[in-house]
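For the single chain, residues carry numbers from 1 onward in sequence order. Just follow the structure's listing: the first ligand is 1, and inside any ligand the first atom is 1.
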Amino acid sequence: MKEQGNFKEFLWGVSTSSYQIEGAAAEDGRTPCIWDLHCRIPGNILNGDTGETACDHYHRYREDVALMKELGVNSYRFSISWSRIYPQRGVYNEKGMRFYKNLIYELKANGILPCVTIYHWDLPQWVQELGGWDARETVDLYLEYADTLFRELDADVNMWITHNEPYCSGFLGNHMGEHAPGIRSLQKAIRSTHHILLSHGRAVQLYHEKYGTHPIGITLNLGVMYPQTDTVKDQLAQKMADGYTNRWFLDALFQKQYPADMLALFAARCAADFDFIQKGDLECIGEPMDFLGINHYSSTTVSYLSAAPNLYTAAVTGKEKNAIGWDIDPDAFYDLLVRLRKEYTDIPVYITENGFASKDASAQEAVHDPQRIRYLEQYLQAVEKMNAHGLGIYGYFVWSLMDNFEWPSGYAMRFGLVSVDYQTQERVKKDSFLYYQKYIAGKMAKI
Ligand code: GCO
């Protein structure tokens with residue numbers, strides 16, 4: 001295990017992403033991303049919500065940074081909108097970049113370290129029209145975009161995340177069709193995840209060769225899967241759920257191979273021949289990175305269902321849940337890290353997202369949130385236990401700074417420490433904001 005940083009270096013933060021908060025969809029040269037189009041198709045998003053205005057962060061970022069300053073975080077994780085930087089093929093948009101330079105300037109002036117996610121699902125529509133992640137050429141387009149970010153922003157960025165949750169952008173977007181671009185094709189989805197992972201590996205190589213001043217890694221959403229019963233069938237379901245969400249990505253990144261059981265399942269389900277995996281690809285995907293980001297929210301219990309795409313379906317448990325129905329299970333969070341250390345890697349880990357969804361009737365009602373506080377208490381305790389047992393956690397980011405556009409759930413689900421009234425854009429600190437503020441202050445005081 002690499003030596004763990006002291007508390008001075010520990011990052012206490014909050015996370016957001018571009019499409020979920022920025023709004024200003026057509027401003028300063030930005031062109032549509034795949035989510036802009038996905039939101040316009042009736043039935044895709046609850047209540048027909050879109051990210052067109054979202055939290056209007058593009059115009060209110062100073063106010064939002066002031067909230068972070070008050071919260072006391074020493075780091076902020078956000079993502080960059082690719083179509084602000086490259087609104088069209090080969091056309092660099094200085095005005096789009098200016099927004100991020102201003103944001104980073106504001107953060108640094110307030111003593112907050114910028115942690116930048118290069119890609120958090122908002123693929124420019126023009127890239128989708130060239131084939132999207134299904135096309136190998138997208139890897140080169142991503143690299144051109146990433147290199148531009150490194151060149152323009154590296155001096156002031158504290159750490160880089162190549163991708164957020166390739167499971168979602170790859171499988172949920174292209175196999176399940178639940179996320180943009182809303183495609184339902186296993187074959188396309190396998191190719192897409194491969195190209196996403198390849199673009200990650202190539203970006204890590206490029207960054208290490210040309211820049212290499214700050215840490216660079218990827219963020220995975222790792223879940224913990226339990227079988228509903230101990231029957232052979234449910235155990236198989238558990239294995240497939242783990243393979244689809246966790247091992248497909250972990251094995252590629254840390255063992256330079258895809259899991260054999262998933263290759264067999266996919267081959268049977270869509271007659272894929274995997275010829276898109278070219279010589280040297282897995283070597284590149286496995287390029288050593290400086291840290292792993294983990295987004296974690298809950299555990300999932302599954303049972304066998306032969307008709308389901310991957311032979312499993314989520315089962316209902318008696319565990320306490322958030323408003324989306326995700327099980328609250330902090331012990332599973334701890335076990336996840338034990339497993340990661342045992343089976344995969346000893347590189348530093350950042351918890352890049354963790355948080356609680358509530359469904360409140362109004363922004364005002366959202367302000368008193370004892371359940372979110374209870375959730376954070378339990379999950380922060382798990383992080384403390386991880387570090388007490390030397391599991392190498394270097395930072396923790398709450399999802400999210402403020403209520404925002406929660407993908408297919410639109411604005412119905414609220415994850416924020418700050419409540420947002422979407423009519424007036426008024427921000428109000430929730431009780432959980434005050435809780436996290438006090439928690440961080442206690443940690444900092446111990447330095
Ligand atoms: C994710 C994304 C976030 C979500 C959050 C809650 O993990 O899905 O990174 O954009 O909003 O996780 O679902």
Exercise. Which bit of W326 is near ligand 1, meaning a heavy atom under 4.0 Å away: side chain, backbone, both or neither?
Worked result: side chain

Problem set entry | Short side-chain donor-acceptor distance under 3.5 Å, Q381 and E377 | no

Exercise. Side chains of Y119 and S199: donor-acceptor distance under 3.5 Å anywhere?
Worked result: no

Problem set entry | Per-atom contacts, ligand 1 versus N295 - under 4.0 Å to a heavy atom | 7 (O), 9 (O)

For this session: Could you establish whether H120 and ligand 1 come within less than 4.0 Å of each other, counting only heavy atoms on the residue side?
Result: yes

Exercise. At a 4.0 Å cut-off, with the gap strictly under it, does some heavy atom of N164 reach an atom of ligand 1?
Worked result: yes

Exercise. Will you find, in the side chains of N354 and Y375, an N or O donor that is under 3.5 Å from an N or O acceptor?
Worked result: yes

Exercise. Any side-chain donor paired with an acceptor under 3.5 Å for N404 and Y19?
Worked result: no

Exercise. Is it the case that D154 and T213 place a side-chain donor and acceptor less than 3.5 Å from each other?
Worked result: yes

Exercise. Do Y297 and ligand 1 have an N or O pair less than 3.5 Å apart?
Worked result: yes

Exercise. At what distance is the nearest protein heavy atom to atom 9 (O) of ligand 1, and which residue and atom is it?
Worked result: E353 OE2, 2.5 Å

Seminar exercise, completed: Ranked by distance from atom 11 (O) of ligand 1, the top protein heavy atom is E406 OE1, 2.6 Å

Exercise. Is there a heavy atom in F356 that sits closer than 4.0 Å to ligand 1?
Worked result: no

Exercise. So F171 and Y244, would you call those rings parallel, tilted or perpendicular, with 30° and 60° as cut-offs?
Worked result: parallel

Problem set entry | T219 side chain to H120 side chain, donor-acceptor N/O pair below 3.5 angstrom | no

Exercise. What's the shortest distance from atom 7 (O) of ligand 1 to any protein heavy atom, and which residue and atom give it?
Worked result: E165 OE2, 2.2 Å

Exercise. Atom 10 (O) of ligand 1: which protein heavy atom is closest, and how many Å away?
Worked result: Q20 OE1, 2.6 Å

